[in-house]
Amino acid sequence: VSSSKPPGGVLVSPIPTVTLKQASVDGQEVKIPILAHGVWEIKGDECYESVLSAIRLGFRHIDTATYYGNEDQVGRAIRDSGVPREELFIVTKLLRDRMGYQETLEEFEKSLTNLGLDYIDLFLVHFPGPQPQWKIVQMFTSPPDNIALRRDTWRAMEEIYNSGRARSIGVSNFTIKHLEELMAHCTIPPAINQVEIHPKLTQRPLVTYCRD
């Protein structure tokens, strides 16, 4: 990450990065800062101010999603931060009830518009299925019709990646079952599986699988 000081900000020590195994379509390394500023459940001016403050404090990795309903405020803060776009790592996620080939392409365009960006650093499939009532621990079971839905969704994700407008693509909240299914048919493997981990939800088998 750059060590240049943002206008009006106080820079903390540069946050270390990890290089993803998945390079961008033009062959460039994709480096993700290991510490991110997430904006779930933050809306309006509060979201704008939090992102602007985070960037001015040295954060370069900003994590949002269509579901969060704040991509526009994230984009506004990015533009007002004074930090060059190439120094930032922006993540957003596909709305889970808009999975499918055409729907994924359309939702990606909406995210670009909402954020006011030409490209996304990491675009994720937010959930392995559209059912909003699912809890993460229930995702080990998945209705059979979601298999085709995930396959069509990933086909669109690969198309987005190949267009160069998402430097990397991945998934979120996928279990081992979902990842094995995806790996069996994908051309481009996911760069990341973003999941919830804490002392009450360690998900050790999943972490081991992803590391291997």
I'd like to know whether Tyr101 forms a side-chain contact (heavy atoms from CB on, under 4.5 Å) with Glu159, so could you lay out the CA-CA distance, the side-chain angles of the two residues, the decisive distance to 0.1 Å, and finally the verdict.
CA-CA 10 Å; Tyr101 175 75; Glu159 186 172 315; 2.5 Å; yes
Derivation of the side-chain contact (heavy atoms from CB on, under 4.5 Å) call for Leu112 and Ile120
CA-CA 7 Å; Leu112 285 179; Ile120 303 296; 3.7 Å; yes
Test side-chain contact (heavy atoms from CB on, under 4.5 Å) applied to Phe174 and Leu206, step by step
CA-CA 9 Å; Phe174 273 44; Leu206 177 60; over 6 Å; no
side-chain contact (heavy atoms from CB on, under 4.5 Å) between Arg150 and Leu182: does it pass, once the steps are laid out?
CA-CA 8 Å; Arg150 285 192 291 272; Leu182 176 58; over 6 Å; no
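Between the CD1 atom in Ile78 and the CG atom in Leu117 there is a gap of 5.0 Å [rounded to 0.5 Å]. Remark: Leu57 CG to Ile15 CD1 distance equals 9.5 Å, nearest 0.5 Å. With rounding to the nearest 0.5 Å, the separation of NZ in Lys93 from NE2 in His126 is 5.0 Å. Atom CE of residue Met183 and atom CD1 of residue Ile176 lie 13.0 Å apart, to the nearest 0.5 angstrom.
No side-chain donor-acceptor contact under 3.5 Å links Gln203 to the backbone of Ile197. Put simply, the side chain of Trp154 gets close to the backbone of Ile188: a donor and an acceptor are under 3.5 Å apart.
Cluster annotation: Tyr48 is not connected to Val39 through the hydrophobic network of ILVMFWY side chains, with a link wherever side-chain heavy atoms come within less than 4.5 Å.
For the residue pair Thr64 / Asn70, a side-chain donor-acceptor distance below 3.5 Å is found, with atom types taken as modelled. Side-chain contact check for Thr66 and Glu107: no donor-acceptor pair (N or O, by modelled atom type) lies under 3.5 Å. In the model, Gln22 has no side-chain atom that pairs as donor or acceptor with a side-chain atom of Tyr161 under 3.5 Å. A side-chain donor-acceptor contact under 3.5 Å links Gln194 and Asp63. A donor-acceptor pair shorter than 3.5 Å cannot be found between the side chains of Tyr209 and Asn193.
The two atoms that bring Ser172 and Pro128 nearest to each other are O-CD, 4.0 Å, heavy atoms only. Smallest separation of non-hydrogen atoms from Ser168 and Leu20: OG-CD1, 3.8 Å. Across all their heavy atoms, Thr92 and Glu71 have their closest contact at OG1-OE2, 2.5 Å. Residues Gly170 and Pro190 share a closest heavy-atom pair of CA-CB, 3.8 Å. Closest approach of Asp80 to Arg56, counting heavy atoms only: O-NH2, 3.6 Å. Here the closest non-hydrogen pair linking Leu179 and Cys210 is CD1-SG, 3.8 Å.
Contact of the Val91 side chain with the Ile62 side chain is not registered, since no non-hydrogen atoms from C-beta on lie closer than 4.5 Å. Residues Leu122 and Ile169 fail the side-chain proximity criterion, which asks for heavy atoms closer than 4.5 Å. Between His37 and Val51, the closest side-chain pair of non-hydrogen atoms falls below 4.5 Å. Between Thr17 and Ile34, the closest side-chain pair of non-hydrogen atoms is not below 4.5 Å. Residues Val171 and His178 are not in side-chain contact: their nearest non-hydrogen atoms beyond the backbone lie 4.5 Å or more apart. Two residues are said to be in side-chain contact when any heavy atoms from C-beta on lie closer than 4.5 Å; Met157 and Phe123 meet this criterion. Annotation: side chain of Thr104 is not in contact with side chain of Phe108 (no heavy-atom distance under 4.5 Å). Considering only heavy atoms from C-beta on, Thr202 stays 4.5 Å or farther from Val207 through its side chain.
Ring-plane geometry between Trp40 and Tyr68 is classed as tilted, the angle between the planes lying from 30 to 60 degrees on a 0 to 90 degree scale.
Asp121 pairs with exactly one of Lys31, Arg85, Arg60 by the side chain to side chain donor-acceptor pair (under 3.5 Å) rule, that one being Arg85.
The environment of Tyr119 atom OH is dense: over 12 non-hydrogen atoms of other residues, nucleotides or ligands sit within 6.0 angstrom. Around the CG atom of Asp118, the shell of radius 6.0 Å holds no more than 12 heavy atoms that belong to other residues, nucleotides or ligands.
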